[in-house]
Amino acid sequence: MSLTSSSEPDPSAGRREELARNLAGVRSRIAAACAAAGRDAGDVTLIAVTKTRPAADVLLLHELGVPDFGENKDQEAAPKAAACAAAGVPVRWHFVGQLQTNKAPSVARYASVVHSVDRVRLARALGKAARAAGQELTCLVQVSLAAADTTTTAADDPARGGVPIGQIGEVAEAIEAEPGLVLGGVMAVAPLGVPPGEAFAPLPSCSLAVRKIRPQAAIISAGMTGDLEAAIGNGATHVRIGTALLGARRPPVR
Ligand SMILES: *Cc1c(COP(=O)(O)O)cnc(C)c1O
């Protein structure tokens, strides 16, 4: 990595170009997947997952027309959200990671959507936090698509967490029962080692289980850099893209 001297051009110009190119690539993948599935490209919302990336990248992508951003750790998301708010940029934040109940008050202050609600206790904590913050919070039920015998995953595996398909209704009811929360739909991460087309096949029935409780809860959040086509083919309405937009992340420190 080279040091930038003051005689060099604005380094953010190069990054902006890179992000614009990546964004065009992701948008065309989404459009192609929608066309293949006979769906309208406007039916799929792109969420830029900016974990490990600076607020400067969020601001550049926002200028390029992306309003939705995802983060998976409150300790990183809270200051990033504060930096964007201080810059006067109205970002819609999606919290997509494993969430501890004691972090609910912080997350409720900046997030519009929490994708990773996988237990009744968390729904109650988020409801209380949303009311205290005076903010309406959309919540998705995170579903585990892993076979029952393959639930051991690393602490930073995005597939970690999620309710078994048979318990979707219970968590959805708990969200629906909380004033301040809006039941929005379902979220899933494809488990490793399963072809994504196969892994995502239960998504429509998972969505139906939630829509039985609230018919408007039609969000299906599924699809990452490696599997967005399979997710869109199985009904995803929101894809969560990090690597293809922002570049490879460093492996997390353990
Ligand atoms: C990191 C992450 C993503 C984005 O993953 P990429 O493969 O980099 O696109 C999506 N969803 C969740 C829950 C994540 O943690």
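Note that ligands are numbered from 1 as they come in the structure, with each ligand's atoms numbered from 1 the same way. Computation of the quantities below employed the complete heavy-atom set of this structure, encompassing side-chain atoms and omitting hydrogens, waters and symmetry-equivalent molecules.
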Contact check: G226 vs ligand 1, nitrogen or oxygen atoms, below 3.5 angstrom: no
Ligand 1 contact by H115, heavy-atom criterion under 4.0 angstrom: no
Within a strict 4.5 Å, meaning less than it, do heavy atoms of the L245 and L19 side chains meet? no
Relative to the heavy atoms of V96, which atoms of ligand 1 are at a distance of less than 4.0 Å? 12 (C), 13 (C)
Numbered atoms of ligand 1 (with element) below 4.0 Å of T243, judged on heavy atoms: 6 (P), 7 (O), 8 (O), 9 (O)
Is the closest side-chain heavy-atom distance between M187 and H238 below 4.5 Å? no
Give the intermediate values and the outcome of side-chain hydrogen bond (donor to acceptor under 3.5 Å, both in side chains) for residues S116 and Q98. CA-CA 6 Å; S116 43; Q98 282 299 104; 5.8 Å; no
Considering H94, M224, M187, which one's heavy-atom position lies nearest to atom 5 (O) of ligand 1? M224
Can you list the atoms of ligand 1 that are under 4.0 Å from a heavy atom of I241? 9 (O)
Taking NZ, NE, NH1 and NH2 as the nitrogens, is one of them in E76 or K51 under 4.0 Å from a carboxylate oxygen of the other? no
Using salt bridge (Lys or Arg N to Asp or Glu O under 4.0 Å) as the criterion, list what pairs up with R119, not counting sequence neighbours. none
